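This report refers to the structure that appears directly beneath it.
As the structure is a computational prediction, the values presented were derived from the model and not from experiment.
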Amino acid sequence: MNDQPIVNVSIDRLAYGGDGIARLPDGQMVFVPQVIPGEQVSIRIIEKKNKYARGEVEEIIAPSDQRIAAPCVHFGVCGGCHYQHIRYDEQVEYKKQILLEQLRRIGHLDFAGEIQVFPSDLPYGYRNVIQLHPMRDGKLGLMKRNSNDVFALETCLLPEQLIQDSWGSLLIEEQTGITRVELRQNSAEELMIVLEGEGGEIPEISMDLPASVIHRCKNENIILSGEDALTLWIKEIPFHISAGSFFQVNDGMAEKLVSFVTSQVEKKSPHTAMDLYAGVGLFSRFMAPLVQELIAVESSPQACDDFAINLDEFQHVSLYEGAAEEVLPELQAKAEMVVCDPPRAGLQEQVIEALVNCGVDTLLYVSCDPATLARDVQRLCEKGYTVEKVALFDMFPQTYHFETAAVLHAAGKA
């Protein structure tokens, strides 16, 4: 649509997803990337829908004083970062505004309290893991913005230093069938490389890089070099993380999130607590010393194996392997407090019904998606819960993503 005319617009606000929102002269909403509220920009329309349009910046007529030069040469092409052009303190403030907007518009929640905000101590170099994709020449790249195409990667400023120093030395031959390469490091500067593919023969490896290398296909891990897992430390507690298991990408922010969760557990002092979508046991490991009984539910067999290792010293912890929507309604146990950290899709209706039916007093809901959080909070409030506290954790600086923790109480239980 290069024949579309150039239009001058004023950016009203940022949407969840990274784009700015403006209005075209006819009143239609238009989404524009790499802008800041208050800026006057010239845009070219690249897509027209019935209810909205998309534009690309041709010229910034009146830039915001919050605008800075993006330090990465790939910014604008790469799909990983969205906010490098905004000062970091302002990024966090915009995320807070977006969270409030999502809670009000989707959740119909008029939250009167102040949202507690936890910025990242490291705006760059914070990721303990990165996923890259092989190109035809064997080198690794990242996906372009709004595309499945992979571009040649010169640098990435988000991962920790060992990852930055290592990925460029990897070459993946095309016939190996490898479609994704994951690099994860720990604070001891140990590296784990996971080669993921849909099939094909197990690849041979040749490298000078000291690292554990795992080939992962159809949820099966085969060790090619080194160990089958990596140890990461959170608040000086070791966590055994196997290839394929989820773990928080930002160690410093994970510590802040854990401190928030444990402070709420200490405040409530439950006899029995539950950890839904428990993963490898990040929250469970810090909750276990604070309660008399802990019940965890996790669907991933790989994560359950890691959980058993990470929580081995506690005899009062029970782990149920299965989907929360299947396991929870069948459990006879009662828990005064539940911590849940569901995937991006949020809580299934069966989980919400089970939480209500078993009379959970306090629910601490950790979410990576404010839209599904807002939807689920509305459902819970309709069933008698009230929101006491909301906190934002900037787990992913330079991107539109963030984590939220909401504390809800059943009626009369606050």
Side-chain angles (χ1 to χ4, degrees), residues 1-2 17-19 32-35 44 46-47 54-58 68-86 91 122-185 189 191-217 224-225 243 249-250 396-401:
M1 299 184 70
N2 289 332
D19 290 345
V32 186
Q34 301 165 52
V35 292
R44 185 182 298 277
I46 61 170
E47 183 180 15
R54 294 193 179 278
E56 293 283 356
V57 173
E58 290 285 321
I68 58 175
C72 181
V73 297
H74 300 304
F75 182 65
V77 175
C78 178
C81 288
H82 317 90
Y83 289 162
Q84 284 193 18
H85 61 296
I86 307 176
Q91 291 182 32
L122 296 174
Y124 290 95
Y126 62 84
R127 287 191 68 99
N128 58 38
V129 64
I130 188 173
Q131 290 86 30
L132 302 170
H133 301 274
M135 303 181 68
R136 287 187 176 181
D137 62 0
K139 295 181 180 180
L140 299 177
L142 286 170
M143 287 189 177
K144 294 181 180 179
R145 178 169 59 90
N146 299 328
S147 171
N148 290 324
D149 293 337
V150 179
F151 69 91
L153 185 64
E154 294 181 23
T155 184
C156 181
L157 304 179
L158 297 192
E160 296 178 32
Q161 192 61 50
L162 180 60
I163 296 175
Q164 293 191 40
D165 295 340
S166 302
W167 64 263
S169 63
L170 295 174
L171 288 175
I172 308 294
E173 293 185 358
E174 191 174 2
Q175 63 268 27
T176 60
I178 301 301
T179 57
R180 188 168 79 161
V181 178
E182 178 179 284
L183 290 84
R184 185 185 294 274
Q185 79 163 89
E189 295 196 347
L191 188 67
M192 180 170 70
I193 302 173
V194 183
L195 309 174
E196 298 187 26
E198 295 300 321
E201 296 182 1
I202 298 173
E204 295 183 1
I205 62 169
S206 177
M207 62 181 188
D208 297 327
L209 196 64
S212 295
V213 183
I214 298 95
H215 181 253
R216 182 170 173 79
C217 179
L224 304 183
S225 172
V249 306
N250 185 329
F396 314 97
Q398 315 309 325
T399 82
Y400 70 82
H401 300 287

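In this structure, Thr179 OG1 and Leu195 CG are separated by 10.0 Å, a value rounded to the nearest 0.5 Å. Ile178 CD1 to Arg180 CZ: the interatomic distance, rounded to the nearest 0.5 Å, is 11.5 Å. Taken from CD in Gln91 to NE2 in His82, the straight-line distance is 11.0 Å, to the nearest 0.5 Å. Rounding to the nearest 0.5 angstrom, the gap separating the CZ atom in Arg145 from the NE2 atom in His74 is 14.5 Å. For the atom pair Ile193 CD1 and Ser212 OG, the distance stands at 9.0 Å (nearest 0.5 Å). Taking CD1 from Ile163 and CE from Met192, the interatomic distance works out to 10.0 Å, rounded to the nearest 0.5 Å.
For the pair Asp137 and Leu171, the tightest heavy-atom approach, listed with the atom from each and the gap, is O-CD2, 4.3 Å. Listed here is the closest heavy atom pair of Val181 and Pro134: CG2-CG, 4.3 Å. The two residues Leu142 and Cys156 come nearest to each other via the heavy atoms CD1-SG, 4.4 Å.
For the pair Met135/Leu140, no side-chain contact is recorded, criterion being any heavy-atom separation below 4.5 Å from C-beta on. Considering only heavy atoms from C-beta on, Pro33 comes within 4.5 Å of Glu56 through its side chain. Side-chain contact between Leu122 and Pro397 is absent, with no heavy-atom pair separated by less than 4.5 Å. A 4.5 Å side-chain heavy-atom check between Leu170 and Leu183 finds at least one atom pair inside the cut-off. In this structure the side chain of Trp167 reaches within 4.5 angstrom of the side chain of Leu153, judged on heavy atoms. The side-chain heavy atoms of Leu158 and Ile130, taken from C-beta on, include no pair separated by under 4.5 Å. Residues Asp19 and Arg54 have side chains in contact (heavy-atom distance under 4.5 Å, counting atoms from C-beta outward). Side-chain contact between Gln84 and Pro71: present, with at least one pair of heavy atoms (C-beta onward) separated by less than 4.5 Å.
For the pair Thr155 (side chain) and Val73 (backbone), a donor-acceptor distance under 3.5 Å is absent.
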*Please assess Gln34 against Tyr83 for the test side-chain contact (heavy atoms from CB on, under 4.5 Å), listing each intermediate value before the final yes or no.*
CA-CA 7 Å; Gln34 301 165 52; Tyr83 289 162; over 6 Å; no
_Quick one, Val32 with Val57, criterion side-chain contact (heavy atoms from CB on, under 4.5 Å). Give me CA distance, side-chain angles, the key distance, then yes/no._
CA-CA 7 Å; Val32 186; Val57 173; 3.5 Å; yes
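For Arg127 and Glu182, the salt-bridge test fails: no basic side-chain N is under 4.0 Å from an acidic carboxylate O. Between Glu58 and Arg44 there is a salt bridge, with a side-chain nitrogen of the basic residue lying less than 4.0 Å from a carboxylate oxygen of the acidic one.
Paired with Asn128 under the rule side-chain hydrogen bond (donor to acceptor under 3.5 Å, both in side chains), one option of Glu160, Arg184, Gln185 passes, and it is Arg184.
The aromatic rings of His401 and Phe396 sit perpendicular, their planes meeting at an angle over 60°, well past the 30° parallel limit.
For Asn148, the CG atom is loosely surrounded, since the number of other residues' heavy atoms within 6.0 Å does not exceed 12.
Side chains of Tyr124 and Gln398: a donor on one and an acceptor on the other come within 3.5 Å.
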